[in-house]
Enquirer: 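Below is one structure. I have some questions about it.
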Amino acid sequence: MNNIFTNWFSGFLRGRRATLLFGRRALLETVAGQGRGEAIPDHLSRDLLKAASDDMAAALLRFDSHDDGLSAPEAADRLQRFGPNEVEHEKPLPWWLHLWHCYKNPFNLLLTVLAVVSYLTEDIKATIVIGTMVALSTIIRFVQEGRSNRAAERLKAMVSNTATVIRRDIGTEAAEVAEKYFDAHLHTRRPPKRFETPIRELVPGDHVVLSAGDMIPADCRVITARDLFVAQAAMTGESLPVEKFADRRGSAEGPLEQSNLLFMGTNVVSGSATALVVATGNQTYFGTLAVRVTSSDRAPTAFQAGVNSVSWLLIRFALVMVPIVLLVNGFTKGNWTEAFLFALAVAVGLTPEMLPMIVTSTLAKGAVLLSRKKVIVKRLDAIQNFGAMDVLCTDKTGTLTQDKIALERHTDVLGAPSDEVLKFAFLNSHYQTGLKNLLDRAVLEHVELQTELKLEQDYRKIDEIPFDFERRRMSVVVSERDDHHELICKGAVEEMLAVCTCVRMESDSGSQEVPMDAAMLARVKEVTHALNEDGLRVVAVAMKELPASQNTYSVADEAGLTLIGYVAFLDPPKESAAPALKALAEHGVAVKVLTGDNELVTARVCAQVGLAADTVLLGPQVERMNDAALAHAVEVHQVFAKLTPLHKERIVRSLRANGHIVGFMGDGINDAPALRAADIGVSVDSAVDIAKEAADIILLEKSLMVLEEGVIEGRKTFSNMLKYIRMTASSNFGNVFSVLIASAFLPFLPMLPLQLLVQNLLYDISQIAIPFDNVDEELVKKPLKWNPADIGRFMVFFGPLSSVFDITTFALMWWVFKANTEAAQSLFQSGWFVVGLLTQTLIVHMIRTPKLPFIESRAAAPLMIMTLLIMAAGIFLPMGPLAEYFKLQALPLSYFPYLIAILAGYTVLTTAMKRIYIRKFGWQ
C-alpha cells in the first residue's frame, strides 16, 4: 500500500502535465538506466543500419533529400505527413479523465467507502455531507490543476529550443523555375540558407548544422564532421564521449555503435557537423524507448517522501483511534449502530481530504508567481528545493559579470600594443563555425578588419580544428592568396604555451622568431600574470605557416606553433551582483563560484562584488583530493577556478554529501553534469540546449537578483503548505483526544455523526484560502528544509491544547447550562459544535506565524474572510432555521460571553505554548 501512496503523490505533485513541461530530462534519466540491453523494434534497427551503411548519395535518395537540403514547401508537406518532432510524453487528459485522476486519491476513496456505509445504514444526511466533502476536494483540485496546466503551456512557450537547418531557397513555383535555370545555365547553385527552426518542426530529409553544446534534435546520419565528439551516456551508459565520422567505420553490428549515426537525446561535446535527419519523434531510437517509459514514475523526492510520511502518520493514527472510539462508545452507550456511525464520522474528521488540493494549489500558484518574476518552473516539486537551497554554486561569466565582454587590449608577447595580433585573432574568429563565444564576438566587432584584410579576395578557409574543453583552444587553417596555408590558433594561455616552440618578437628592423626557452617562458608568464591581475581575461594567439599541399588537419597539427601575442578582454561586474550576493547571504544562501576561468581574473571579479576570494581552489588540486579532503575543502572555500565539467560535478556532489541542499546555476556545455548532479539545476533561456534540458528552473534573465526573488517565493510557497500540514495534524490529534474523554464519561454522544461531519466540512472550506496567505519576512530569511519528524512533535505539542478548552466546554455545558441528560444532549452538542469549529478555524492564525496573531502578523485578506465566514456559519447553524435539520439547538445568550472567554483563553494559551516551543525547538 505504501507504493500506492508513492505513486499517487508522484502523480499529483507532478500536477499531471504541468510538471512535464520538459519531460525529456526525466526520460533521459530513465533511458540511461536501460543500458545497452534495451531492445528496440526490429524494423527501427534495420532502418538505422541501412541509413548507416548507405553511401551519401543513396542516403539522400532514400530520404528524398538533396545535397542542399529540403525546400520550405517540402518540409511543410513532410511535417503534415510525419507529425511534429516530439517524443511520447504525458498528453493533456480529456476533462473527464482529468476529473477521475483528481478524484482517485486514497483520502477520497476512503471517504467514498464511508459514504457508502452511511447510505447502507440509511444515514442519508451523513451520506450527503461526506459526498459534498469529496465533491469539494475533487472539484477544487480539478479547477486548480486546470489553471496550472494552462499556465504551464504558456510558460512552455517562453522557453524554446531550436535547431539550425539548411534549406534550399525555393518558396514558390516561379522561384523553383528560376533555380533550375540558374543551375542549368550558370552550372552552379545559389548557396543554401541556414534557418533557426523549432526542433518540433524538423522532418526526415532535413539537413541540420551541429556544434559544441547542441542537443542532437533527431536521429541523424552524419554528412560532414570536424573532430565531432558526442556524449551518448543517455543511450549507452558510457561516460566518455564518442567520436563520429561522415563514413562508416569498424564492424559494429548494433545501431548505437555506428560511427556515423547520431541519436536524439545525446549532445555534441565538441566539434561541428552537418547531418541528415533520418527519423523524428516517436520513430527515433529515443522516442521508441520513451513510449515504453512514459508511464514510469520517478523515485519520490524528499518532499514527496515527507508528505507521504505525514499522510501515513495520520492514517496510522486513524487506524488506532477509530476502533478505540467505536469500542468506548459501544460499551458505554450500549448502542453499537450509533457508536459505529460516530466512529465513521471520527474517521472522516481524521482524513486530510484537502491535502492533495492544498499541495497542488500552492505549488501551482507558486509556479505562476515565479513566472511573473521571470523564473520558469519546469517541475512543480522543484519549488520545495528552491526554498530549501542553502548553497548556490554559480559560474562567473554573465552571472557576476555583465556578460558584455569588450576587447580591451591586443599586445605582442611582451605586452606592447600590436595590430598584427588583432588581425590573426580576427581571422580565427571569423572562419570558425563552432560555438562562437563572447570573446569571438568581441573580436568580430572590429568589422573594419574585414575590408583591411581583403578577406574575400586574399583568404580562403581550408579546414578547422574545433574547440574542446580538454585542449581549451581552437584552430582554423586559411589559404593566403593560394600561396601557403596558415594555421591560426587561439586559446587559454597555459594550453597554448604547451604547443608553442617559438615567439615572434617585434623590433624596429622587423619581426623575428626566437625559441621559447625558460627565460622567455618566464617573461611570457609575467606579462600574462600582470594582465590577469588587472582583471583581464587573456587569450593567446599563435600561428604557423604550412605548405599548400595539405587539405585536412587535425589536433596533431597543433604543434610547433609560434606565439604572436595576446588579446585581453574585460568583463566588468554587474552593478546588481554585490547587492544580490548580500541579499542571498542574508537569506541563508551561501554563494560559491565554480568557473573554468583563470584564478587571478576570478579572484579580481569576486573581490569587486564583495565575495571573499583570499584562497582559490584550483581544478588540478581538486583532481588530487580524495573524497574526504574535498568534503572539507568545499566548506572552507568559496571560489573554485580552472575547473573541468567533472570537477564541477564532483564539487556539487561533495556539498550534497555534506548535507547541503545545493543549487547550481549554469548555461554552458560544461555545466550540464553539475546541473544534473545538483538538488536544483538553474539555467537561463539563452543557455545551450543541453544546459536547459538538465535544469529544473529556467531564468528569463541571467541575474542573481532574479534568483534571490525566486528563492523567497519558493520559501513562501513551502511555508504555506507547511501551515496546512501542521494544522491538520495537530487539530486532528486534539479532536480525537477530546472525543475519547467525552465518550468515556458522557451518557450520550458528545456530537452526532452528522454534526461532526458538517463541522469538518466547514473547517475544510475555511482552509481553501491557505495557498494565498501572507508569509512573515522572518520565515523566508533562512532555508526551509522538510523535516517530517518535526510534524509529529508539533502534533503532540499543540494537539492537546484544544482538548483543554474542549473539556472546559464539556464542564460548562454540563454544570452551568445543565445539559447533563439525554433529553438535553442537543444543547450540549450545539455548545461543543460551536467551540470546536471556532477553535479549529482559529488554529491556522495561531500557527501560521511565530509572532502575535492579528497584531504583529495578519493573514492575507482571503484567509481572513474565509475565517470570518466559517465562524459566522458555525454560530448561525444552531441559532438559525437549519438547527432542527442538524439536530442542533439555539444557545442561550449567556453562552456567548463564555464562548468569547474560551476563545480568548485558547488564543493566549496557544501563544504562550508557541513561545515555549520556539525556545525549545525553533520555528521553521
Side-chain angles (χ1 to χ4, degrees), residues 56 67-68 186-189 191-192 209 211 222-228 243 245-247 270-274 410 412-413 418-434 436 440 443-444 446 448-468 471 473-491 495-506 510-516 539-565 567:
M56 188 47 61
D67 291 335
D68 49 1
L186 299 181
H187 307 293
T188 186
R189 299 185 71 85
V209 180
S211 58
V222 180
I223 299 175
T224 63
R226 290 289 184 272
D227 294 312
L228 178 66
E243 188 170 8
F245 307 92
D247 54 331
S270 63
S272 59
T274 57
H410 38 91
D412 63 16
V413 292
S418 170
D419 291 335
E420 183 185 31
V421 171
L422 179 59
K423 290 177 182 179
F424 279 115
F426 186 89
L427 287 170
N428 179 284
S429 296
H430 177 76
Y431 283 113
Q432 78 166 97
T433 59
K436 282 185 169 62
D440 292 307
V443 171
L444 293 174
H446 290 265
E448 72 281 357
L449 290 175
Q450 189 162 347
T451 302
E452 185 179 331
L453 290 169
K454 300 179 182 179
L455 290 183
E456 299 294 333
Q457 177 181 328
D458 290 349
Y459 289 91
R460 178 170 57 89
K461 180 179 178 180
I462 302 299
D463 205 354
E464 176 179 353
I465 309 170
F467 177 88
D468 66 52
R471 292 165 36 249
R473 58 180 182 265
M474 70 83 52
S475 301
V476 297
V477 181
V478 296
S479 172
E480 185 179 6
R481 305 184 193 89
D482 292 329
D483 176 54
H484 65 279
H485 291 174
E486 292 180 352
L487 186 151
I488 305 168
C489 183
K490 74 175 191 301
E495 282 71 13
M496 291 292 293
L497 293 178
V499 293
C500 289
T501 55
C502 298
V503 298
R504 182 172 295 181
M505 302 290 293
E506 301 291 338
S511 60
Q512 59 178 338
E513 294 186 5
V514 299
M516 178 78 79
V539 173
V541 181
M543 62 86 65
K544 73 175 177 180
E545 294 187 2
L546 298 159
S549 57
Q550 189 173 339
N551 290 319
T552 58
Y553 293 82
S554 67
V555 174
D557 292 297
E558 291 179 334
L561 305 185
T562 298
L563 182 65
I564 306 297
V567 280

Enquirer: Is the closest side-chain donor-acceptor distance between S272 and S211 under 3.5 Å?
Expert: no
Enquirer: Would you name the heavy atoms of G565 and V421 that are closest together and state the gap between them?
Expert: CA-CG2, 3.7 Å
Enquirer: Does a side-chain N-to-carboxylate-O contact under 4.0 Å join R471 and E495?
Expert: no
Enquirer: Under the side-chain contact (heavy atoms from CB on, under 4.5 Å) criterion, do L561 and M543 qualify, and how do the steps go?
Expert: CA-CA 5 Å; L561 305 185; M543 62 86 65; over 6 Å; no
Enquirer: Identify the heavy atoms of S475 and L487 that sit nearest to each other, and give their distance.
Expert: OG-CD2, 3.8 Å
Enquirer: Let me confirm one number: the CD1-CG distance from I465 to D463, rounded to the nearest 0.5 Å.
Expert: 7.0 Å
Enquirer: Which residues pass the side-chain hydrogen bond (donor to acceptor under 3.5 Å, both in side chains) test with S418, not counting sequence neighbours?
Expert: none
Enquirer: Quick one: pull up CG in N428 and CD1 in I488 and give me the separation to the nearest 0.5 Å.
Expert: 6.5 Å
Enquirer: Can you tell me how far CG of L455 sits from CG of L427, rounded to the nearest 0.5 angstrom?
Expert: 6.0 Å
Enquirer: Check for a donor-acceptor pair, side chain of K544 on one end and backbone N or O of D557 on the other, with a separation under 3.5 Å.
Expert: yes
Enquirer: Restricting to non-hydrogen atoms, name the atom on E486 and the atom on F424 that form the minimum distance, rounded to 0.1 Å.
Expert: OE1-CE2, 3.8 Å
Enquirer: I want to check something: taking the side chain as every heavy atom from C-beta on, are H446 and L444 in contact at a cut-off of under 4.5 Å?
Expert: no
Enquirer: How many angstroms lie between atom CG of D419 and atom CG of D412, to the nearest 0.5 angstrom?
Expert: 11.0 Å
Enquirer: Can C500 and M516 be said to form a side-chain contact (heavy atoms from CB on, under 4.5 Å), step by step?
Expert: CA-CA 7 Å; C500 289; M516 178 78 79; 4.2 Å; yes
Enquirer: Is the CG atom of D67 crowded by more than 12 outside heavy atoms at less than 6.0 Å?
Expert: no
Enquirer: How long is the span from the SG atom in C489 to the CE atom in M496, to the nearest 0.5 Å?
Expert: 4.0 Å
Enquirer: For the residue pair E480 and Y459, establish whether any side-chain heavy-atom pair is separated by less than 4.5 Å.
Expert: yes
Enquirer: Quiz question: by atom type and distance under 3.5 Å, do the side chains of S511 and E506 form a donor-acceptor pair?
Expert: no
Enquirer: Rounded to the nearest 0.5 Å, how far does OG of S429 lie from CG of L422?
Expert: 9.5 Å
Enquirer: For a 4.5 angstrom cut-off between non-hydrogen side-chain atoms, does Y553 reach H485?
Expert: yes
Enquirer: What residue among L546, V478, V477, V476 forms side-chain contact (heavy atoms from CB on, under 4.5 Å) with I462?
Expert: V477
Enquirer: Under 4.0 Å between a side-chain nitrogen and a carboxylate oxygen: does that hold for E464 and R226?
Expert: no
Enquirer: Given side-chain contact (heavy atoms from CB on, under 4.5 Å), test R473 with V499 step by step and report yes or no.
Expert: CA-CA 10 Å; R473 58 180 182 265; V499 293; 3.4 Å; yes
Enquirer: Checking side-chain contact (heavy atoms from CB on, under 4.5 Å) against I564, which of R504, H410, K423, K490 comes through?
Expert: R504
Enquirer: Indicate the atoms forming the closest heavy-atom contact of A556 with A559, along with that distance.
Expert: O-CB, 3.9 Å
